[in-house]
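Right, one structure below, let's go through it.
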Amino acid sequence: MRTSQLLIPTLKEAPADAEVISHQLMLRAGMIRKLAAGIYSWLPLGLRVLRKVEGIVREEMDRVGAQEVLMPAIQPAELWQESGRWGFYGSELLRIKDRHQRDFCFGPTHEEVITDLIRNEIRSYKQLPATFYQIQTKFRDEPRPRFGIMRAREFLMKDAYSFHLDQTSLQETYDLMHEAYTRIFTRLGLKFRTVYADTGAIGGSGSQEFHVLADTGEDAIAFSNASDFAANVELAEALVPSGKRSAPQQTLNTVDTPGQHSIEDVSRFLKLPREQCVKTLLVQGAKDNIMALVLRGDHELNMVKAGKLTGVASPVVFATNEQVRAAVGCEPGSLGPIGLKIDVIVDRAAAHLADFVCGANQDGKHYSGVNWGRDLAEPLIADIRNVVAGDPSPDGKGTLAIARGIEVGHIFQLGTKYSAAMNASVLDQAGQSVIMTMGCYGIGVSRIVAAAIEQNHDDRGIIWSQAIAPFQVALLPMNMQKSQRVREAAEKLYRALQDAGIAVLFDDRPLRAGVMFADMELIGIPHRLVLGERGLDANTIEYKGRRDAESQDLPLSTIVEFIQSQLADGSAQK
RNA sequence: CGGGGUGUAGCUCAGCUUGGUAGAGCACUAGCUUCGGGAGCUAGGGGCCAGAGGUUCAAAUCCUCUCAUCCCGACCA
């Protein structure tokens, strides 16, 4: 491809509303343009990358025997009412009406459609297991689209659905998909981790997420330094502290803490470490009541864990200041578990404390030297906090570290959630009707493009891995407009590279060298060839890999072979 | 949804406090010079100052409302 025939509207400066590096670089490299919040056009260069990602995903899906289909983006409300999600999914579901005022939605996911399709087409256990996938545009009316393509409302997703007679069969396909996903992200040249995850709105039982590791990731992942264990922080279990709780040493005291509200304030005021304080959070109970959750001062409430407790409203909703005053009689900054008339649930770590500090349920007062079982009853204990770095790994091996990740894939064992609601069944060997068991498997295809950039860039621009680069080689002729020799040599080399099947971008624009260099580095082409008078005199050409510090002069006669060997090298990051 | 910010040329931004002919750099067009790291000079083109009301002789500027958009929190590929 010639740059003169390709729209590459590069920018020197990033638009002010682009915050993260991948968003900035995709705009600057001329890959995408925004149409509305969370809705983007893909320009030629961006689309080439997107298609590369798609291609790898498609190959690996086909390889594990999944069959490609394409389902409608627009779906009738009836299916969603049947599954129960028309009401449940909320405003993230973009609802539309047709000319007859019938309700439709723009599909955010396709469990309903595929289940409807399969219940009509598959009748016998002999046709199972079967897996179907599509690569298709989804729309989720995100409460807060951000970071460009990373969290868009309209985005490209690969979604696959598998159907089984029983759980054993589902597990086999699930494992196969796990392997396929691992191959996909490996081939894409990404550093990633598989983590255990919450199932969220999709529902079902087991589920794992695939995260690309990047500091700008929106998710926190906990993983062991001594085993394969990795889990979303939402889900990672905080173990019961080892050893016995210390015996009380201090007596219960009331201390004046005027104006000290946060744990930060109180620990500084009393010159005590934060982990010697507890914080008490009031939340809505399951039935129109208020409950208290107690955590160690240095720990954070895990909303997912708390929401799963019986008695606590799900999702977790904090009590308002008015409700706190009504229930306890003081401001939220002075709450404590002693003497509360409401149900109290205490985190494992907080329950392990002795001689701790807590609010006295009076403004400006705290208790010190507090001990469970002496100053107040032994508590009801649960795991309700986020794990932190240094916690023991839940699998008993090593300690946890926390990293940030971008979720690019998610696999679920759905069980019969949709098939039962929509009565999708087959006849088994005995002629009995059996509800099919299902799995579903998603990959954020467009998000991968952004994630790859987050993980691979420098101050000059994007650094594509060979697997998804829009072009493998950039061919830059120096001063071609003036030099007949350079022009002829460049045209000849361009043809030779093309004949060798190499995706080459020939910069034939009448531009100064600096502009070409800057553009090609910005758009991240892995290999660069510079052809000039100087080199022609010596029969050499300059080569530089995108990550190389220095360029090298190579014999012109063998350059095609050299590039081929670089591409075959497999170290995709060259 | 709650909280905060921003809307002026394709992009980055000045101008607004103190109303009085709409600006700069980059990008774009033409010419000359330059030509291996985002060139220089000259001459151009391009704006309903987000929109709608108001105040005023006069509004980008002051007031009100609306819309868009971004950031921080509860959700997700």
Side-chain angles (χ1 to χ4, degrees), chain A residues 9-20 23-24 27-28 30 33-39 53 57 89-92 108-110 135-160 181 197-202 207 209-212 218-219 232 234 301 303-304 306-307 314-318 320 405-412 440-451 460-461 476-483 486 510-522 528 530-535 542 544 551:
Chain A
T10 55
L11 302 171
K12 274 194 196 175
E13 291 171 292
D17 53 9
E19 185 79 4
V20 297
H23 188 195
Q24 292 176 358
L27 289 167
R28 286 190 53 209
R33 287 293 182 262
K34 181 172 73 178
L35 182 63
I39 301 178
V53 176
V57 171
Y89 215 93
S91 50
E92 207 168 298
T109 175
H110 279 67
I135 296 174
Q136 191 238 21
T137 298
K138 299 280 188 283
F139 194 95
R140 295 183 186 174
D141 202 352
E142 288 278 345
R144 189 177 157 207
R146 58 184 145 170
F147 305 156
I149 230 70
M150 186 101 79
R151 177 175 297 281
R153 292 193 291 171
E154 185 174 310
F155 61 99
L156 193 66
M157 177 173 170
K158 186 283 299 179
D159 47 327
Y181 273 43
D198 187 56
T199 51
I202 306 286
S207 111
E209 293 171 346
F210 290 76
H211 282 260
V212 167
E218 291 184 80
D219 296 301
N232 201 306
E234 289 171 353
L301 178 66
M303 309 276 269
V304 173
S314 181
V316 173
V317 181
F318 285 106
T320 62
I406 301 163
E407 184 188 352
V408 290
H410 202 161
I411 57 179
F412 297 83
C440 84
Y441 318 89
I443 287 183
V445 176
S446 44
R447 181 180 281 181
I448 283 174
V449 178
R460 296 182 170 192
L476 311 192
M478 292 296 100
N479 218 356
M480 182 174 83
Q481 319 308 318
K482 283 279 176 61
S483 168
V486 172
L511 293 174
R512 299 167 65 84
V515 179
M516 291 187 190
F517 290 149
D519 269 358
M520 293 303 126
E521 280 164 347
L522 175 60
R528 184 184 81 187
V530 179
L531 193 61
E533 292 271 1
R534 230 160 51 193
E542 179 191 300
K544 184 173 178 294
S551 61

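So that the names make sense, note that chain A is the first sequence line, chain B the second, and so on, each numbered from 1.
- Spacing between rC62(B) and rC71(B) at atom C1', rounded to whole Å, works out to 28 Å.
- Atom C1' of rG73(B) sits at a distance of 50 Å from the matching atom of rC57(B), rounded to the whole Å.
- Separating the CE atom of Met516(A) from the P atom of rG37(B) is a distance of 12 Å, rounded to the nearest angstrom.
- Comparing rC26(B) with rC67(B), their P atoms are spaced 39 Å from each other, to the whole Å.
- Residue Ala18(A) is classed as having no contact, given no heavy-atom separation below 4.0 Å to the nucleic acid.
- Phe139(A) comes within 4.0 angstrom of nothing in the nucleic acid, heavy atoms only.
- Across the protein-nucleic acid pair, Glu19(A) atom CD and rU69(B) atom C1' stand 13 Å apart, rounded to whole Å.
- Stacking is not found between Phe517(A) and the pyrimidine-like six-membered ring of the rG38(B) base under the 5.5 Å centre-distance and 30° plane-angle cut-offs.
- Residue contacts for Glu142(A): at a heavy-atom cut-off of 4.0 Å it reaches a base atom on one of the strands shown.
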### Message
So if I define the base as every atom that isn't primed, P, OP1 or OP2, how would nucleotides 5-15 of chain B read as a B/S/- string at a heavy-atom cutoff under 4.0 Å?
### Response
------SSS--
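- Ala518(A) comes within 4.0 angstrom of a nucleotide base, judged by non-hydrogen atoms across all strands.
- At the heavy-atom level, Arg33(A) lies nowhere under 4.0 Å from the strands shown.
- Pair assignment for rG2(B): rC72(B), on the basis of Watson-Crick or G-U wobble contacts that are both within less than 3.5 Å.
- Here the nucleotide nearest the side chain of Arg460(A), chosen from rC76(B), rG37(B), rG73(B), is rG37(B).
- Residue contacts shown for Gly442(A) are absent, as no nucleic acid heavy atom lies under 4.0 Å away.
- Separation of the P atoms belonging to rC11(B) and rA27(B) is 15 Å when rounded to the nearest angstrom.
- Residues passing the side chain to side chain contact (heavy atoms under 4.5 Å, CB included) test with Ser483(A), sequence neighbours excluded: Arg485(A), Val486(A), Glu533(A).
- The list of side-chain hydrogen bond (donor to acceptor under 3.5 Å, both in side chains) pairs with a residue in residues 440-450 of chain A, not counting sequence neighbours, reads Ser162(A)-Tyr441(A).
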### Task
Go through Arg534(A) and Met478(A) one step at a time and tell me if the side chain to side chain contact (heavy atoms under 4.5 Å, CB included) criterion holds.
CA-CA 10 Å; Arg534(A) 230 160 51 193; Met478(A) 292 296 100; over 6 Å; no
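- Across all strands shown, Glu521(A) has heavy atoms under 4.0 Å from base atoms, whether or not it also approaches the sugar-phosphate.
- Between the CG atom of Leu156(A) and the P atom of rA77(B) there is a distance of 15 Å, given to the nearest Å.
- Residues Ser207(A) and His410(A) come closest through the heavy atom pair OG-NE2, 2.8 Å.
- Residues Met150(A) and Gly532(A) each lie close to RNA chain B; by heavy-atom proximity, the contact nearer the 5' end of the strand is made by Gly532(A).
- Across all strands shown, rG46(B) forms no Watson-Crick or G-U wobble pair with both key distances under 3.5 Å.
- rU17(B): no Watson-Crick or G-U partner with both key distances under 3.5 Å is found in any strand.
- Counting only distance, with no hydrogens or angles, the side chain of Gln24(A) and the backbone of Glu19(A) share a donor-acceptor pair below 3.5 Å.
- Atom C1' of nucleotide rA77(B) and atom CZ of Phe155(A) are separated by 5 Å, given to the nearest angstrom.
- Distance CG/Asp159(A) to NZ/Lys138(A): 3.5 Å, rounded to 0.5 Å.
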### Task
Please lay out, stage by stage, how Lys34(A) and Ile39(A) fare under the test side chain to side chain contact (heavy atoms under 4.5 Å, CB included).
CA-CA 6 Å; Lys34(A) 181 172 73 178; Ile39(A) 301 178; over 6 Å; no
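- Val530(A) comes within contact range of at least one nucleobase, with a heavy-atom separation under 4.0 Å.
- Going from the C1' atom of rG46(B) to that of rG5(B) covers 29 Å, rounded to whole Å.
- Rounding to whole angstrom units, CG of residue Asp159(A) and P of rC76(B) are separated by 16 Å.
- As the counterpart of rC26(B), rG10(B) is assigned, both hydrogen-bonding distances of the Watson-Crick or G-U wobble pattern falling under 3.5 Å.
- Within 4.0 Å (heavy atoms only), Asp519(A) reaches at least one base atom of the nucleic acid.
- Taking atom P in both rU21(B) and rU64(B), the straight-line distance is 25 Å, to the nearest Å.
- Checking side-chain atoms of Arg140(A) against main-chain N and O of Glu154(A) turns up no donor-acceptor pair under 3.5 Å.
- Residues passing the salt bridge (charged side-chain N to carboxylate O under 4.0 Å, His left out) test with Arg28(A): none are found, sequence neighbours excluded.
- A residue-by-residue look at His23(A) and Met157(A) shows that His23(A) has its nearest nucleotide of RNA chain B further toward the 5' end.
- Among the nucleotides rU69(B), rG38(B), rA77(B), the one closest to the side chain of Ala37(A) is rU69(B).
- The base-pairing partner of rA58(B), taking Watson-Crick or G-U wobble contacts with both distances under 3.5 Å, does not exist among the strands shown.
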List, with names and distances, any nitrogen or oxygen atoms from the protein found under 3.5 Å away from nitrogen or oxygen atoms belonging to nucleotides 27-34 of chain B.
residue, atom, partner, partner atom, Å
rU34(B), O2, Arg512(A), NH1, 2.7

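- Judged as a side chain to side chain contact (heavy atoms under 4.5 Å, CB included), and not counting sequence neighbours, the contacts of Pro143(A) are Glu92(A).
- Arg153(A) comes within 4.0 angstrom of nothing in the nucleic acid, heavy atoms only.
- The residue Ala152(A) sits close to a base: some heavy atom pair falls under 4.0 Å.
- The side chain of Arg146(A) lies closest to rC71(B) when the candidates are rC76(B), rG38(B), rC71(B).
- Across all strands shown, rU64(B) is found opposite rA52(B) as a Watson-Crick or G-U wobble partner, with both distances under 3.5 Å.
- Nucleotides rU34(B) and rA22(B) have their P atoms positioned 41 Å apart, rounded to a whole Å.
- Residues Leu27(A) and Arg33(A) have side chains in contact (heavy-atom distance under 4.5 Å, counting atoms from C-beta outward).
- Taking atom CZ of Phe147(A) as the reference point, atom P of rC76(B) lies 17 Å away to the nearest angstrom.
- Using a 4.0 Å heavy-atom criterion, one finds that Val408(A) contacts the sugar-phosphate atoms exclusively.
- The separation between Glu218(A) atom CD and rC71(B) atom P is 10 Å, rounded to whole Å.
- Taking the C1' atom of each, rC76(B) and rA59(B) are spaced 46 Å apart, rounded to whole Å.
- The distance between atom CD1 of Ile135(A) and atom C1' of rA77(B), rounded to the nearest whole Å, is 13 Å.
- Put simply, the side chain of Ile406(A) does not reach to within 4.5 Å of the side chain of Phe147(A), judged on heavy atoms.
- Across rC75(B), rG37(B), rU69(B), the shortest atom-to-atom separation from the side chain of Arg528(A) is found for rG37(B).
- Judged by the 6.0 Å distance and 45° axis criteria, Arg528(A) is positioned over the aromatic ring of Phe517(A).
- Under the Watson-Crick or G-U wobble criterion, with both distances below 3.5 Å, rA39(B) is paired with rU33(B).
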